[in-house]
Amino acid sequence: MTPLLQVKNLVIDIPQRAGGEPLEFAVLPGQVWGVLGPNGVGKTTLLHTLAGLRPARAGEVRVKGRPLQAWRRRALARMLAVLFQERHESFPATVMETVLIGRHPWLPPWQLERPEDIALARQALERLAVAELAPRLLSTLSGGERQRVAIATVLAQAPQLWLADEPTNHLDLHHQVGVMALLAQQAAAGCGVLMCMHDLNLAARWCDHVLLLYPDGAVRAGTAQQMLKPELLSELYRQPLVAAEVDGARVFVPVK
Ligand SMILES: Nc1ncnc2c1ncn2[C@@H]1O[C@H](COP(=O)(O)OP(=O)(O)OP(=O)(O)O)[C@@H](O)[C@H]1O
């Protein structure tokens with residue numbers, strides 16, 4: 001099976017910082033990867049590098065077997081989508097206009113959205129329970145509502161590879177679980193998901209693979225079973241943790 005994403009000897013470029021251990025991993029269709037590490041370690045930088053939004057210091061990223069640089073922008077936008085952590089509104093837009101941006105890679109040149117694009121945007125809004133907000137200006141939404149609109153935009157884009165930066169940011173527990181279930185559903189349908197996250201318990205519940213980025217530049221990649229261990233995570237966060245098994249999932253609790 002061709003990996004959706006393959007990373008070979010990749011060193012991300014963080015200004016004024018030594019390179020660290022090269023990254024080597026692959027995301028296959030059906031897999032959900034969590035990227036874990038402390039604040040400032042480089043999770044967002046990695047995600048942006050994987051999306052081709054910033055150059056790597058060394059190494060290679062392949063998307064569906066082709067080097068990232070060999071992809072044309074539009075074809076790549078049909079293939080992968082990024083859920084950004086920081087979003088800046090450059091002009092006032094409604095929720096519907098925002099979600100329709102997700103359809104742009106699929107529009108024929110110089111054409112407006114077609115009825116099927118509008119239908120897909122509506123479905124995405126409904127899936128994220130924000131359909132009733134469609135006519136509202138984005139600037140009037142709460143943080144959690146905005147986050148769900150951003151996820152609906154990616155859903156409307158229909159990528160095979162989701163690169164998501166803290167997808168549960170701003171969300172209450174119900175919507176956190178809803179979004180993780182959506183990502184798992186996407187993976188079950190043959191997509192790949194790679195997401196930066198801080199919640200170990202969500203990672204343990206929903207990720208099948210995990211990448212650990214350590215502040216000293218060390219990296220570890222493997223199955224969630226191998227990576228989500230109290231000793232590895234206590235070292236990762238410089239915070240002692242204990243683990244227990246609840247309802248078939250590992251849960252982590254910080255030691256006071
Ligand atoms: N343009 C820049 N110039 C200098 N340093 C930068 C720049 N952009 C990011 N950095 C630094 O690179 C490092 C990695 O940042 P990054 O946002 O990738 O971390 P992160 O792991 O996603 O953190 P968090 O968990 O806080 O979101 C940080 O120390 C950050 O301050």
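For ligands, and for the atoms within them, numbers begin at 1 and follow the listed sequence. As the structure is a prediction and not an experimental result, all values here were calculated from the model.
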Measuring from non-hydrogen atoms of Pro15 to any atom of ligand 1, is the shortest distance under 4.0 Å? yes
Do any N/O atoms on Gly37 end up under 3.5 angstrom from N/O atoms on ligand 1? no
Quick check: does any side chain N or O of Asn9 sit under 3.5 Å from a backbone N or O of Glu60, one acting as donor and the other as acceptor? no
Heavy-atom contacts under 4.0 Å between Thr44 and ligand 1: side chain, backbone, both, or neither? both
Over 12 non-hydrogen atoms of neighbours within 6.0 angstrom of CD in Gln225: no
For atom 15 (O) of ligand 1, which protein heavy atom lies nearest, and how many Å away is it? Thr45 OG1, 3.7 Å
Atom 12 (O) of ligand 1 [closest protein heavy-atom partner, distance rounded to 0.1 Å]: Ile14 CG2, 3.3 Å
Would Glu113 and His104 count as a side chain to side chain donor-acceptor pair (under 3.5 Å) if you check the C-alpha gap in whole Å, the side-chain angles of each, and the deciding distance to 0.1 Å? CA-CA 8 Å; Glu113 296 88 2; His104 283 188; 3.3 Å; yes
Can you confirm whether Arg136 is buried at CZ, in the sense that more than 12 heavy atoms of other residues, nucleotides or ligands lie under 6.0 Å from that atom? yes
Mark yes or no for whether Arg127, through its side chain, and Ala152, through its backbone, hold a donor-acceptor pair below 3.5 Å. no
Measure the acute angle between the ring planes of Trp33 and His209, then classify it against the limits of 30° and 60° as parallel, tilted or perpendicular. parallel
Test your reading of the model: is there a side-chain donor-acceptor pair from Lys43 to the backbone of Met195, 3.5 Å cut-off? no
Closer than 4.0 Å and a protein heavy atom, does any atom meet both conditions relative to atom 1 (N) of ligand 1? no
For ligand 1, is His48 a contact, meaning one of its heavy atoms is under 4.0 Å away? no
Please say whether Gly42 places an N or O atom under 3.5 Å from an N or O atom belonging to ligand 1. yes
Could you tell me if any non-hydrogen atom of Gln16 lies under 4.0 Å from any atom of ligand 1? no
List every atom of ligand 1 that sits less than 4.0 Å from any heavy atom of Lys43, numbering the atoms from 1 in the order shown and giving each element. 18 (O), 19 (O), 20 (P), 21 (O), 22 (O), 23 (O), 24 (P), 25 (O)
For Pro38 and ligand 1, answer yes if some heavy atom of the residue is under 4.0 Å from a ligand atom, otherwise no. yes
